[in-house]
There are 2 protein chains.
Amino acid sequence: MAVHGARGRSGGRPTLEEVAARAGVGRGTVSRVINGSPRVSDATRAAVEAAVAELGYVPNTAARALAANRTDAIALVVPEPETRFFAEPYFSDMLRGVGAELSETEMQLLLIFAGSDRERQRLAQYLAAHRVDGVLLVSVHADDPLPDLLSQLEIPAVISGRRSAAETLPSVDSDNYGGGRAAVEHLIARGRSRIVHLAGRMDVYGAQRRVDGYRQGLLDGGHPVVDDLIVPGDFTEEGGRRAMSLLLERCPDLDAVFAGSDVMAAGARQVLRESGRRIPDDVALIGYDDSAIARHMDPPLTSVRQPIEEMGRAMIDLLLGEIADRRPAVSRGLEKRQLVLPAELVVRASS
Amino acid sequence: MAVHGARGRSGGRPTLEEVAARAGVGRGTVSRVINGSPRVSDATRAAVEAAVAELGYVPNTAARALAANRTDAIALVVPEPETRFFAEPYFSDMLRGVGAELSETEMQLLLIFAGSDRERQRLAQYLAAHRVDGVLLVSVHADDPLPDLLSQLEIPAVISGRRSAAETLPSVDSDNYGGGRAAVEHLIARGRSRIVHLAGRMDVYGAQRRVDGYRQGLLDGGHPVVDDLIVPGDFTEEGGRRAMSLLLERCPDLDAVFAGSDVMAAGARQVLRESGRRIPDDVALIGYDDSAIARHMDPPLTSVRQPIEEMGRAMIDLLLGEIADRRPAVSRGLEKRQLVLPAELVVRASS
DNA sequence: ATCACCTGTGGGAGCGCTCCCACAGTACCT
DNA sequence: AGGTACTGTGGGAGCGCTCCCACAGGTGAT
């Protein structure tokens, strides 16, 4: 009452101080209530909450960020041109998982594309300004300098996939080895024996692991592995066509194709058709990703599903953990910082 | 030299003050250089720039936002579920235009989905916290409360399309009337005379305008307008199928269909095929949007192209103008705040 | 009664900027 | 000589928070 309070600005947004005056308490107490501190009595808390509601108080994020040195925002960095972002279902699934998990929190998600050099320049600037508390890095290539930049700036980050078996950053990957193996086992179970592999880009660790799984699947089934029957595409439809043509030359009597992505499988399908082979009667075909393409292909494509959405959720969990750990110089817990989620074969008419 | 300067923190990021000490100038001067003020001598500017480079200084956004009461960020608000965002090329084109135009500036773009009630709740909170300087609103429906919320919060906003002829908000639209008319004129020029219209949702102003253009095109060509031959779909493929079936019942000898979207045209095409009609021999078909669907349809679909990317750029220009105008209580200029960009007919094999 | 130790609270200091006033210096008129 | 005006510069005040220290008042052991 005695406190005649803040200068009589009107029209502007109410501040902490004004809320405090209205509730008849000090600034510190309001701050405690806003931030959910337990050391506030129930009566006081109620009074403050009433004042907040009456005044329609909303904290000023900039002031909070300045004082507390955090932004309550994290970035999803896509080191690809926007085109790919929209073209590949991978990103939309990932975004859905991330968004869902994040909606439980107060954190804000920023989407940042870094396809061109120019965009990467901006991104570097952005990160240097510490405008986010953490970063989710999807689709990183082995030689990308981004992870290093991030750790140099001491910004918590989590990547999807791994750059190698010895990944240092916290990461969430799917079991590419298991996925590749499951595909081959399935083909063998269906009586196929001349199974070729249309691989992905070999500088992508996940693609390598799919090859490893393919090999082991063949060996376990008692079949020999012929290196010539593993041909890398580049994850594109055109690459799939080229690789498929090559495979047909090398092994005209093949009876099954395991492709490292649905898109490449689509390319392979065209070439198989053109060569007069029927799917699945003459040749069984399996893709990877279980994308919309797989469902809409004729015949519908058997494909290995990665739990992308779930991976997105897991990445957020890891990242929030990293961020929290870094706050009060707590000794970093030894929880798992590398997650591998299972892949699953979705059987359709093509195999 | 005499100024022994800032407290010896190390490891942290350099501040304005430290840069000032290093360059042997005052804080104000550094601020002026950083913000590109002209009232700095060349020599001083050079000294400051050198200090900035040596120290690797990057301004603290939070401090700036707090002091200057701006965030240097704008939001692209998509009041749709994410699914539609990825499914419709409209958004990716828009995003490309917006991104391109924005990359010329220091502004940061945030992508915010507000499809579910929950998301809308968050968005309202977000806007109330004034975390952005302005908002781009795409795909607003006539009864959406968002525009009102925005003007109540006094946040500059620009919408794509218009909610009615009397749109109050700054907006960028394409010439739907002209587009509809051009489609019909083209059909008439090709000798078609029984032209039906598969319209969009009639609560979308743009769809209404396409109908208006269709009507005028017929009248100008000396053809009567029959209201029964204008059937609204709902912009979906299924809606297109239903509307097409109805149109075939009402006018079995129609020789041209103008659809209000490519997706509806795709639905119409199926029904036309099933009824044994050939495109374009028996029936000419025109869509709207010139999306990927149009290019890949069999036969390729003639369609009306809206310059979406350009619209995105224009929206940014308008929005930045709004934001700038609002800063130093300058009397609002009377420049055009409602833009209408031309639509263009892209002729392909279907007509 | 003394001390220790809780809980709840108020408010100073400070985060790193921008804004703006003050003022030195120079230039060009009267 | 005095006035006027402009350019370039320094630095105080303040933006709205969080952090943390101080302290009142209670509680229980000594």
Side-chain angles (χ1 to χ4, degrees), chain A residues 1-3 5-7 9 12-48 52 55 57-72 106 128-131 327-329, chain B residues 1-3 5-7 9 12-21 23-48 52 55 57-72 106 128-131 133 327-329:
Chain A
M1 280 212 166
V3 189
R7 49 227 156 307
R9 285 143 59 279
R13 298 162 50 197
T15 69
L16 238 207
E17 185 114 31
E18 287 163 12
V19 173
R22 174 101 178 200
V25 301
R27 268 190 0 263
T29 302
V30 177
S31 176
R32 255 158 277 176
V33 172
I34 299 293
N35 294 292
S37 156
R39 0 203 91 262
V40 180
S41 73
D42 289 348
T44 308
R45 180 184 308 279
V48 171
V52 165
L55 262 38
Y57 172 74
V58 179
N60 180 318
T61 348
R64 172 177 286 175
L66 178 58
N69 196 30
R70 64 194 161 90
T71 64
D72 292 328
E106 297 283 81
H130 285 263
R131 292 184 67 165
R327 296 248 227 258
Chain B
M1 281 216 165
V3 189
R7 52 224 156 310
R9 283 144 61 279
R13 298 161 50 197
T15 68
L16 237 207
E17 185 114 31
E18 287 163 13
V19 174
V25 301
R27 267 187 4 263
T29 302
V30 177
S31 176
R32 255 158 294 197
V33 172
I34 299 292
N35 294 291
S37 155
R39 358 202 93 262
V40 180
S41 72
D42 289 348
T44 308
R45 181 184 308 279
V48 171
V52 165
L55 262 37
Y57 171 75
V58 179
N60 180 319
T61 346
R64 172 177 285 176
L66 179 58
N69 195 31
R70 63 196 163 91
T71 63
D72 291 328
E106 295 284 81
H130 285 262
R131 294 185 67 167
D133 292 340
R327 296 248 229 258

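Just so we're on the same page: letters track the sequence lines, and every chain starts at 1. The model shown is predicted, which means the values in this text are computed figures rather than measured ones.
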key: Distance test, side-chain N/O of A:Ser41 to OP1/OP2 of C:dT7, below 4.0 Å   = no
inquiry  = Measuring to OP1 and OP2 of C:dT18, would you say a side-chain N or O of B:Ser31 lies under 4.0 angstrom away?
reply    = yes
I need the [atom1]-[atom2] distance between [X] and [N], as an integer number of Å.
| X | N | atom1 | atom2 | answer |
| --- | --- | --- | --- | --- |
| B:Asn35 | C:dC19 | CG | P | 7 Å |
| A:Leu55 | D:dG16 | CG | P | 14 Å |
| A:Arg70 | C:dC15 | CZ | C1' | 13 Å |
| B:Asn69 | C:dC19 | CG | P | 10 Å |
| A:His130 | C:dC17 | NE2 | P | 13 Å |
| A:Asp42 | C:dT9 | CG | C1' | 15 Å |
| A:Leu16 | D:dC15 | CG | P | 13 Å |
| B:Glu106 | C:dT18 | CD | P | 12 Å |

Working to the nearest 0.5 angstrom, can you tell me the gap between [X] [atom1] and [Y] [atom2]?
| X | Y | atom1 | atom2 | answer |
| --- | --- | --- | --- | --- |
| A:Tyr57 | A:Glu17 | OH | CD | 11.0 Å |
| A:Thr15 | A:Leu55 | OG1 | CG | 8.5 Å |
| B:Glu106 | B:Asp72 | CD | CG | 7.5 Å |

ask   = Do the side chain of B:Thr71 and the main chain of B:Asp133 share a donor and acceptor less than 3.5 angstrom apart?
value =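 Judged by distance alone, yes, a pair lies under 3.5 Å.
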ask   = Any donor-acceptor pair under 3.5 Å linking the side chain of B:Asn60 with the backbone of B:Ala62?
value = yes
Please find the pair of heavy atoms, one from [X] and one from [Y], that lie closest to each other, and give the distance.
| X | Y | value |
| --- | --- | --- |
| A:Ala23 | A:Ala47 | CB-O, 3.9 Å |
| B:Leu16 | B:Arg27 | CD1-O, 4.1 Å |
| A:Arg32 | A:Arg39 | CD-O, 4.2 Å |
| B:Ala63 | A:Leu66 | CB-CD1, 3.7 Å |

inquiry  = Over the length of the helix from C:dA1-D:dT30 to C:dT30-D:dA1, how much do the five-pair end axes diverge, rounded to 10 degrees?
reply    =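 Computed angle between terminal axes is 50°.
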query = For B:Val30 and A:Ala63, take the nucleotide of DNA chain D holding the closest heavy atom to each; which residue's nucleotide lies nearer the 5' end?
reply = B:Val30
inquiry  = Judged by each residue's nearest nucleotide on DNA chain D, which is more toward the 5′ side, B:Val25 or B:Leu66?
reply    =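 In this pair, the answer is B:Val25.
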[options]: which one has an atom nearest the side-chain heavy atoms of [X]?
| X | options | result |
| --- | --- | --- |
| A:Thr29 | C:dT9, C:dC17, D:dT18 | C:dT9 |
| B:Arg32 | D:dC19, D:dG10, C:dT18 | D:dG10 |
| A:Arg39 | C:dG8, C:dG10, C:dT18 | C:dG8 |
| B:Ala68 | C:dT9, C:dC17, C:dC19 | C:dC19 |

message = Between the base of C:dT18 and the side chain of B:Arg27, is one N or O donor paired with an acceptor at under 3.5 angstrom?
response = yes
Measure all distances between protein nitrogen or oxygen atoms and nitrogen or oxygen atoms of nucleotides 24-27 of chain D, and list the pairs falling under 3.5 Å.
none

request  = Evaluate side-chain contact (heavy atoms from CB on, under 4.5 Å) for A:Arg45 paired with A:Val40, printing each intermediate quantity in order.
outcome  = CA-CA 6 Å; A:Arg45 180 184 308 279; A:Val40 180; 3.7 Å; yes
